[in-house]
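The structure appears right after this line, and notes come after that.
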2 protein chains.
Amino acid sequence: MLELAILGFLYDAPLHGYELRKRITALTGHVKPVAESTLYPAIKRLEKAELLERATRPGSVAAPRHELTLTEEGRRELRRRLAEPSRSDITDENRWFTVLAFLRHLEDPGAQATVLRRRLAFLEEPASFFYDGDRPLRAEEFDDPFRRGILTIARATSEAELAWLRETVASLDTGSR
Amino acid sequence: MLELAILGFLYDAPLHGYELRKRITALTGHVKPVAESTLYPAIKRLEKAELLERATRPGSVAAPRHELTLTEEGRRELRRRLAEPSRSDITDENRWFTVLAFLRHLEDPGAQATVLRRRLAFLEEPASFFYDGDRPLRAEEFDDPFRRGILTIARATSEAELAWLRETVASLDTGSR
DNA sequence: AGAGAATACATCGAAGTCGAGGTATTGCGG
DNA sequence: CCGCAATACCTCGACTTCGATGTATTCTCT
């Protein structure tokens, strides 16, 4: 997820680590903050894998910056990760939002629709949170207001997203015809 | 989150690891699966911390089971973790749902309402995903349908949850008066 | 002039998590 | 009776992540 976000933000324009961190914090930080000690090693991993290059520039304000630029290989890698997201990129909301944030970099509307359809399939799978044996329990069956809340919220979320997904998939399909 | 789920499920009744895994998988597994190699070490940690005890029972079907029971200290620890959730228990949806799933074990409605109010405060904080400098960008301002989707979905989710939270806090307040 | 915040990067050890693999038993279909 | 799925537990190494801490510079406020 972190690596995807780094590749995604750098796809548009070269940035230095500190700026990257601010953008990532805005994107997913209020839910799950990114520590600097996680970001810098991640940048190094990507550099080692030759997905990005760094150039030292005098800092505009303070210490010198390391301007990070994606290599051609790095650009291909982002498109690959967007076109073929892992299972958890689809199921985990944080990861999924990161995929969505950069999905426009996948230029083909058909490929974009394919990714949305995978999320759609996942959301359409019947899944509950609590079971009585094999039988999924519905919100109305709980005395517990908090468990009822979980199901209520999950249902509202999933309906909003399903509506958006269906609409967007349809418009990608007609747009590309 | 894992430890909270273990403590939560065992609070109701003693279970063995395999059964625990199935319940945790039902609760959060479709979003983020729990590997056995994560669960068993977690059980050992809790055992070492004397929050739970194990007793070997002949397996009903196959191998012998290790029946796990919370100690008095373990029960206190669950209540403590529910009453004083960490920042990320409040902000991270997976963790938050886990807190909600067991919040009924906090017997005092006032304490329950306090926890809900912390989530309420978090959701009421103004937070966007994308910024133009310091100015948060609204859904309508994007050409990108995917980023627009992120904001649309996040808004719907947050509104559904806010409504539920306000209603539930109110009923906890009147109920305890 | 000095304190403190912001910029900008980095290392280290501790901890948690995962995937792959291993052990052993029971029950069911072919 | 053989293989396979399900039950039930476990270990190992690789990797990621985090919190704490360190370095150095510049700007702002007092």
Side-chain angles (χ1 to χ4, degrees), chain A residues 1-7 9 14-25 28-29 31-49 52-68 86-89 91-92 94-95 98 133-134, chain B residues 1-7 9 14-26 28-29 31-49 52-68 81 86-89 91-92 94-95 98 133-134:
Chain A
M1 196 235 85
L2 218 201
E3 295 188 0
L4 188 66
I6 295 172
L7 295 174
F9 279 120
L15 295 171
H16 53 100
Y18 202 75
E19 177 61 28
L20 203 43
R21 183 167 177 252
K22 286 201 287 188
R23 306 237 179 151
I24 295 173
T25 299
T28 57
V31 169
K32 200 173 179 353
V34 180
E36 292 196 0
S37 51
T38 307
L39 177 62
Y40 286 110
I43 291 173
K44 284 202 176 167
R45 280 201 301 280
L46 296 176
E47 193 188 7
K48 206 175 160 196
L52 60 82
E53 278 165 350
R54 76 172 72 197
T56 306
R57 296 245 186 284
S60 66
V61 181
R65 298 165 165 182
H66 293 179
E67 197 186 63
L68 308 170
S86 68
R87 165 91 189 161
S88 63
D89 286 336
T91 62
D92 187 300
N94 283 308
R95 285 169 169 271
T98 309
D134 275 341
Chain B
M1 196 233 83
L2 219 199
E3 295 188 0
L4 188 65
I6 296 172
L7 295 174
F9 279 120
L15 296 171
H16 52 102
Y18 203 75
E19 176 60 29
L20 203 44
R21 183 169 177 250
K22 287 201 287 187
R23 305 237 179 153
I24 294 173
T25 299
T28 57
V31 169
K32 199 169 181 355
V34 180
E36 291 196 357
S37 50
T38 306
L39 177 62
Y40 286 111
I43 291 172
K44 285 204 174 164
R45 280 201 301 279
L46 296 176
E47 193 188 6
K48 206 176 159 195
L52 60 83
E53 276 164 353
R54 75 172 73 199
T56 306
R57 295 246 186 286
S60 65
V61 181
R65 298 165 164 182
H66 292 179
E67 198 186 63
L68 308 169
R81 292 193 194 201
S86 69
R87 164 92 188 163
S88 63
D89 286 336
T91 64
D92 188 299
N94 284 307
R95 287 169 168 271
T98 309
D134 275 341

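Chain letters run A, B, ... following the sequence lines, proteins first, then strands; residues in each count from 1.
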Would you kindly give the CD-to-P distance between B:Glu3 and C:dT17, to the nearest whole Å?
8 Å
Under 4.0 Å: is that the gap between some side-chain N or O of B:Arg45 and OP1 or OP2 of C:dT17?
yes
Are OP1 or OP2 of D:dC10 and a side-chain N or O of B:Tyr40 less than 4.0 angstrom apart?
no
Proximal nucleotide (of C:dG16, C:dC9, D:dC9) relative to the A:Arg54 side chain
C:dC9
Can a side chain N or O of B:Lys44 be found less than 4.0 Å away from OP1 or OP2 on D:dT11?
yes
Of the non-hydrogen atoms in A:Tyr40 and A:Tyr18, which two are nearest, and what is the gap between them?
OH-N, 4.0 Å
Among C:dC9, D:dC9, C:dT11, which nucleotide has an atom closest to any side-chain atom of A:Ser37?
C:dT11
Atom-pair distance (CD1 on A:Ile24; P on D:dT17), nearest Å:
11 Å
May I have the distance from A:Arg21 (atom CZ) to C:dA8 (atom C1'), rounded to whole angstrom?
11 Å
Regarding B:Arg65 and B:Glu19, does a basic nitrogen lie under 4.0 Å from an acidic carboxylate oxygen?
no
Between atom CG in B:Leu20 and atom C1' in D:dC10, what is the gap in whole Å?
16 Å
Roughly how far, to the nearest 0.5 Å, is NE2 of A:His66 from CD1 of A:Ile43?
10.0 Å
Roughly, in whole Å, what's the span from CZ in B:Arg23 to P in D:dA8?
13 Å
Length of the NE2-C1' vector between B:His16 and D:dC10, whole Å
16 Å
Side chain of A:Lys22 - closest among C:dA8, C:dT7, C:dC18
C:dT7
From D:dC10, C:dG16, D:dT17, nucleotide with atom closest to B:Glu36 side chain
D:dC10
What integer distance in Å separates A:Arg87:CZ from C:dC18:P?
14 Å
Ranking D:dC9, D:dT16, C:dC9 by distance to the side chain of B:Tyr18, first place goes to D:dC9
Grab the two heavy atoms, one from A:Pro64 and one from A:Thr56, that are nearest each other, plus how far apart they are.
CB-CG2, 4.1 Å
Strictly below 4.0 Å: does A:His66 bring a side-chain N or O up to OP1 or OP2 of C:dA10?
yes
Without decimals, in angstroms, what is the distance between A:Glu47 CD and C:dC9 C1'?
13 Å
Distance-minimising heavy-atom pair for B:Val34 and B:Arg21:
O-NE, 3.4 Å
